[in-house]
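As the structure lists them, so they are numbered: ligands from 1, and atoms in each ligand from 1.
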Amino acid sequence: MGYDRVRRRDPAVADALDGERARQNDTLAMIASENHVSQTVMEAQSSELTNNYAEGYPGGRYYGGCEYADDVEQLAIDRAKELWGADHVNVQPHSGSQANMGVYLAMLEPGDKILSLDLTHGGHLSHGHPANFAGQVYDVSQYHVDPDTGYIDYEAMREKAEEIKPDIIVSGFSAYPRDVDWERFQAAADAVGAYHVADIAHTTGLVAAGVHSSPVGIADFVTGSTHKTIRSGRGGIIMCDEEHADDVDSAVFPGAQGGPLLHNIAGKAVGFGEALEPGFQDYAEQVVANAAALGERLAEHGLELVSGGTDTHLVLVDLRPSHPDTTGKEVEEALEDAGIVLNANTVPGESRSAFNPSGIRAGTPALTTRGFDEAACREVADLIVEVVDDPDDGAVRHRVRDRVDELTDRYPLYDESEP
Ligand SMILES: Cc1ncc(COP(=O)(O)O)c(C=O)c1O
């Protein structure tokens with residue numbers, strides 16, 4: 001896909017688009033929430049559906065001209081049902097955060113209580129951080145991971161639920177490398193008459209492929225983003241049983257949003273279709289195998305992994321034991337200079353700040369899309385450690401950058417021969 005028209009009409013934007021394409025091709029995308037969607041998904045996302053106003057749902061819109069919008073949205077819904085096995089699916093949330101907002105609006109009144117994982121322990125802003133609408137509108141309490149093991153302290157979460165009697169318990173995380181016992185969350189919610197929302201924003205693809213346990217059929221609501229491990233059009237999704245379908249649908253529209261982003265929903269439909277193909281299972285298995293290889297190699301070099309390893313697509317490194325004077329932000333910046341893009345992250349028991357935390361989070365979904373295998377991920381781990389050991393040394397960063405160039409040449413992005 002070229003940007004020929006944009007180049008002719010708007011070279012300033014074309015420069016930025018070309019720059020971003022080159023940046024993605026020439027660097028290693030290890031932000032755990034990122035991926036590279038197929039060119040087919042991108043083509044669908046840039047379709048004429050961006051012009052269409054389709055307030056409402058397939059078969060019941062507030063405007064005319066929605067015949068093809070209906071087709072596309074229904075395809076996305078049907079494919080999502082097949083992928084995750086949900087009774088009811090809403091594919092309209094503009095993002096994962098909007099999906100959470102949809103469930104809160106459907107089930108809560110302002111001032112109601114949410115119980116969720118502390119952001120510094122791996123939770124997400126939309127689970128009730130004071131800087132987010134959820135923290136401003138609802139009364140939020142938090143549970144934590146066990147500081148000794150890095151695993152969720154399920155018993156303390158249950159006790160907290162008994163104590164505060166929340167209206168909703170949120171599970172599902174941004175920076176938690178382990179499988180999740182969805183039944184324990186649901187049991188804790190049931191015991192106090194709360195709803196349980198499982199936010200699988202990060203693991204949608206792993207859950208669809210069966211390489212991460214599924215909350216669908218267990219949790220009252222399942223929310224997610226559609227552009228992370230599931231590798232489809234950018235946006236959000238909500239799944240629930242028929243009992244809550246109408247509440248969820250009217251909370252998303254007209255409750256939280258106006259017209260749906262039908263062009264993105266076309267990208268969701270295409271991406272979900274790709275995820276139903278047999279190759280996606282191999283992809284998801286490789287994502288997890290790659291994260292395990294990356295983590296093992298980092299640990300061999302003496303870095304400490306929160307929880308001691310990973311079951312998922314990401315590793316979380318606590319730099320304090322091995323590199324007490326080095327912050328996550330310093331490492332993030334030095335690695336970016338060397339062509340490896342990941343993010344500084346808080347760690348359980350954080351002793352610095354959210355802006356300059358003590359950890360780094362690294363994910364394998366995007367590298368795996370490029371074709372990286374375990375051996376390549378071990379190479380990447382070696383490169384990360386070289387920079388972590390010496391973030392201020394420009395020669396080290398330069399040497400690593402050369403090795404990154406070799407890797408990006410070996411695993412090119414967006415092969416023109418892609419069907
Ligand atoms: C657990 C969790 N929920 C929600 C979101 C928000 O997703 P979005 O960026 O699509 O709003 C994220 C983003 O990474 C996340 O990690």
- Query: Which residue and non-hydrogen atom of the protein lie closest to atom 16 (O) of ligand 1, and at what distance in Å?
  - Reply: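 Looking only at protein heavy atoms, the one closest to atom 16 (O) of ligand 1 is Ser174 OG, 2.5 Å.
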- Task: With atom 1 (C) of ligand 1 as the reference point, say which of Asn100, Asp199, Val170, Leu125 has the nearest heavy atom.
- Result: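 Checking each option, the heavy atom nearest atom 1 (C) of ligand 1 is found in Asp199.
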- Query: ligand 1 versus His202, non-hydrogen atoms closer than 4.0 Å: side chain, backbone, both, neither?
  - Reply: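 It is the side chain that touches ligand 1; the backbone stays farther off.
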- Query: Quick one: nearest non-hydrogen protein atom to atom 7 (O) of ligand 1, plus distance?
  - Reply: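 Nearest neighbour among protein heavy atoms for atom 7 (O) of ligand 1, to 0.1 Å: Ser225 OG, 3.2 Å.
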- Message: Walk me through whether His244 and Phe221 qualify under ring-ring contact (aromatic ring centres under 6.0 Å, His included).
- Response: CA-CA 9 Å; His244 298 118; Phe221 302 91; 4.9 Å; yes
- Message: Going by side chain to side chain contact (heavy atoms under 4.5 Å, CB included), Phe280 matches just one of Glu285, Arg231, Glu274. Which one?
- Response: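 Considering Glu285, Arg231, Glu274, a side chain to side chain contact (heavy atoms under 4.5 Å, CB included) with Phe280 is found only for Arg231.
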- Item | Nearest-contact summary for atom 10 (O) of ligand 1 - protein heavy atom, Å |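 Among all protein heavy atoms, the one nearest atom 10 (O) of ligand 1 is Gly96 N, 2.8 Å.
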- Task: Output yes when Arg378 and Asp382 qualify as a salt bridge under the 4.0 Å nitrogen-oxygen rule, no when they do not.
- Result: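 Asp382 and Arg378: not salt-bridged.
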- Item | Residue pair Val207 / Trp84, side-chain heavy-atom distance below 4.5 Å |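 Yes - at least one pair of side-chain heavy atoms lies under 4.5 Å apart.
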- Ionic contact status for Asp167 with Lys113, cut-off 4.0 Å: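 No salt bridge links Lys113 with Asp167.
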- Ser97 heavy atoms, cut-off 4.0 Å: which ligand 1 atoms fall inside?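 Matching atoms, with element in brackets: 6 (C), 7 (O), 8 (P), 11 (O).
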- Message: Taking a cutoff of less than 4.0 Å between a non-hydrogen atom of the residue and any ligand atom, is His227 in contact with ligand 1?
- Response: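 Contact present.
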- Judged by non-hydrogen atoms, does Lys228 sit under 4.0 Å from ligand 1?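 Within the 4.0 Å threshold, so yes.
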- Just by distance, do the side chain of His88 and the backbone of Asp241 share a donor-acceptor pair under 3.5 Å?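 No.
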